[in-house]
Amino acid sequence: MKGIEYRGVASVDGPIVVLKKTENVFFGETVCVRDRNGKKRTGRIVDVSEKAVIVQIFGDTTGLDLDETSFEFLGNPLELRVGEGLLGRIFNGLGEPADGYPPIISSEKRNINGNPINPYARVYPRDFIQTGISSIDGMNSLVRGQKLPIFSGNGLTHNKLAAQIIRQAKLRNSDEKFVMVFAGMGIKYDVAKYFTDTFEESGVLANVVMFLSLADSPSIERIITPRCALTAAEYLAFEKGMHVLVVMTDMTNYCEALREISTTRGEVPGRKGYPGYLYSDLAELYERAGKVKGSTGSITQIPILSMPNDDISHPIPDLTGYITEGQIVLDRELSQKGVYPPVSALPSLSRLMKDGIGEGMTREDHAQVSSQLFAAYSKVKSIRNLAAIIGEEELSELDRSYLRFGEKLESEFLAQGEHEERTIEQTLDLGWKVLSVLPREELTRIKPEFIQKYLPETDSE
C-alpha cells in the first residue's frame, strides 16, 4: 500500500540501497527514504526480485543505517512539473528550481521517461536549420527534427560552438522561433556560468530552459538530467507546438555515471566496463527527437560528447554514431592552428543533409558545392602527406594549387568569429571563392551552368 512507511534495509552500497519489502512495487517507481533524523532522500527502483528491491538514491547515502532507516513507495515514476513557466528558468539535474525562484505554477506533471513515439507517427525531417556557421551549414547541414551530435576532445571549443549554435539557430523562410533546452551533466561550475552568462548577454535566456547537474552533484543525478530536459522539450514541442533545440553536454559524463551504477549493482560489464545495455540506454534518449504527425512542433537534438583520448572508436562515440544521423567532429590539429570552430571536414557527416538543401530550401548549387569541397579537401590531405616526404618544391603546379585551396578553406571557410553569423548565401559564395583557387577543369562535381553562374571571375591565384 502507498502512504505506508516500512523499515528493513538489507544493505547500503554507495548510491544503491537494497530494501526487503517487495510487494506491490514496480520498476521505476519513486521511493522516499528517511534516515533516523528524518532527513528525506528520493530514489527510484532500478531492480525488483522476489526477495528484495534495489533503489538508486539521488544524493548521498551518508547516515542511512540498516535498522533505523524507513522508506515509502510513492506509487509514481519520477515526474517533472511542466508548464509555459519553464522558459527562462534554471533547474538542477532533478528538475528542482536552482535559480532562487519558486517552482513553476502548474498542476501538470509528466513522466520523465517519456512515451515511445510510434514510428508510423513520425514525420521525415526536411526543414533546413541555419546555424550561421559555414562548416555546418555548407557541408554538414542540420535539419529540423534531426539528431546531430558533436564529437569533441577534452579542452576543445565544443562549449563555445554549442553556445553559438543556440544563439544563432533559425529556420529559413519562416518566422517560427526556436526555444532551447540545455542539459548539463557533470559540468564544471565555470562551464555552467559561461552558458548562463552567454544566454543572458545575447538576450536568448528568456527562450531557454536549463537543467544543470554540476560536477559536485551526485553522479547518479546525471542519469536523470537528460530525461528531465527531454520531458520539458516534449511538452513544449508536442503540446505547445514550439520548435525545440535540445543541447546535451557532456554525454560522456552521463555514460560514466551509468558505468558507475552498473558496477555497483554487480552487473556483467561490456566493452571498456560499460554496461551491455549502453546502446539501448542511449537510444532511449536520442530517439526522443523528431517530428510527429498532428503537431506543428519538433525536437532537434545536438548531444555533445568528449571522446576519451580523442578516440572516435571508443564505445560512446561509436554507439552514438549508430543511433544518430551523422556527427560533427572537432579536430585538435585544426584547433592548434587557431581555427575556430575546428570542425574536421572529412569525418563529419550529416545523413539528412540531402533532404534539407537545394532549390527552394537553400540554393540550387548547395549540394554540388558541398560535394566538390569534400572531394578537393580529401585530395589536399594526401598531397600534404606526399609533400611531407618529397618536399613541397617537388610537387606539380596542380598539387600546389590544391595546397593553396586547403589553406584557404581552413583559414576562410572553416574559420569564423565566435559572434560571426553567416547566411547560407554567404557561406556558399565563400565556398565558390575558395574553389576559385583550383583550375576550372578540376571542378568535376559541379554542373557547367553553375560554374558559369557562380564562380568568381578571378578563378586562379
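Please read all numbers here as calculations on a predicted model, not as lab measurements.
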(message) Do Lys293 and Tyr120 form a cation-pi contact, if we require the NZ or CZ to be under 6.0 Å from the six-membered ring centre and within 45 degrees of the ring's axis?
(response) yes
(message) Do Arg222 and Tyr254 form a cation-pi contact, if we require the NZ or CZ to be under 6.0 Å from the six-membered ring centre and within 45 degrees of the ring's axis?
(response)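 That pair does not qualify as a cation-pi contact.
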(message) Parallel, tilted or perpendicular, judged at 30° and 60°: which one describes the rings of Phe405 and Tyr377?
(response) perpendicular
Under 3.5 Å, side chain of [X] to main-chain N/O of [Y], donor-acceptor pair present?
X      : Y      : result
Ser436 : Lys433 : yes
Ser217 : Ser213 : no
Arg81  : Ser106 : yes
Gln416 : Gly132 : yes
Asn309 : Asp311 : no
Glu420 : Gly417 : yes

Flag the pair [X] / [Y] as yes when at least one side-chain heavy-atom distance between them is below 4.5 Å, and no otherwise.
X      : Y      : result
Asp137 : Phe128 : yes
Met242 : Tyr235 : no
Val18  : Val53  : no
Leu171 : Arg144 : yes
Val208 : Val179 : no
Glu96  : Phe91  : no

Salt bridge or not for [X] and [Y], using N-O below 4.0 Å?
X      : Y      : result
Lys170 : Glu421 : yes
Lys193 : Asp197 : yes
Arg271 : Asp318 : yes
Glu410 : Lys408 : no
Asp429 : Arg422 : no
Asp365 : Lys447 : no
Glu267 : Arg259 : no
Glu84  : Lys240 : yes
Lys291 : Asp127 : yes

Between [X] and [Y], does any side-chain donor sit less than 3.5 Å from a side-chain acceptor?
X      : Y      : result
Asp250 : Ser306 : yes
Asn159 : Tyr194 : no
Ser350 : Gln146 : yes

(request) State the CG-CZ distance between Leu156 and Phe151, to the nearest 0.5 angstrom. (result)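 It is 14.0 Å, given to the nearest 0.5 Å.
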(request) Sorted by first residue and then second, give each salt bridge (charged side-chain N to carboxylate O under 4.0 Å, His left out) pair with at least one member in residues 326-335; sequence neighbours left out. (result)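 Only Asp310-Arg332 qualify under salt bridge (charged side-chain N to carboxylate O under 4.0 Å, His left out).
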(request) Apply side-chain contact (heavy atoms from CB on, under 4.5 Å) to Ser371 and list each qualifying residue two or more places apart in sequence or on a separate chain. (result) Arg445
(message) Counting only heavy atoms from other residues, nucleotides and ligands, does the tally under 6.0 Å from CD of Glu359 exceed 12?
(response) no
(message) Can you confirm whether or not the ring centre of Tyr274 sits under 6.0 Å from the ring centre of His314?
(response) yes
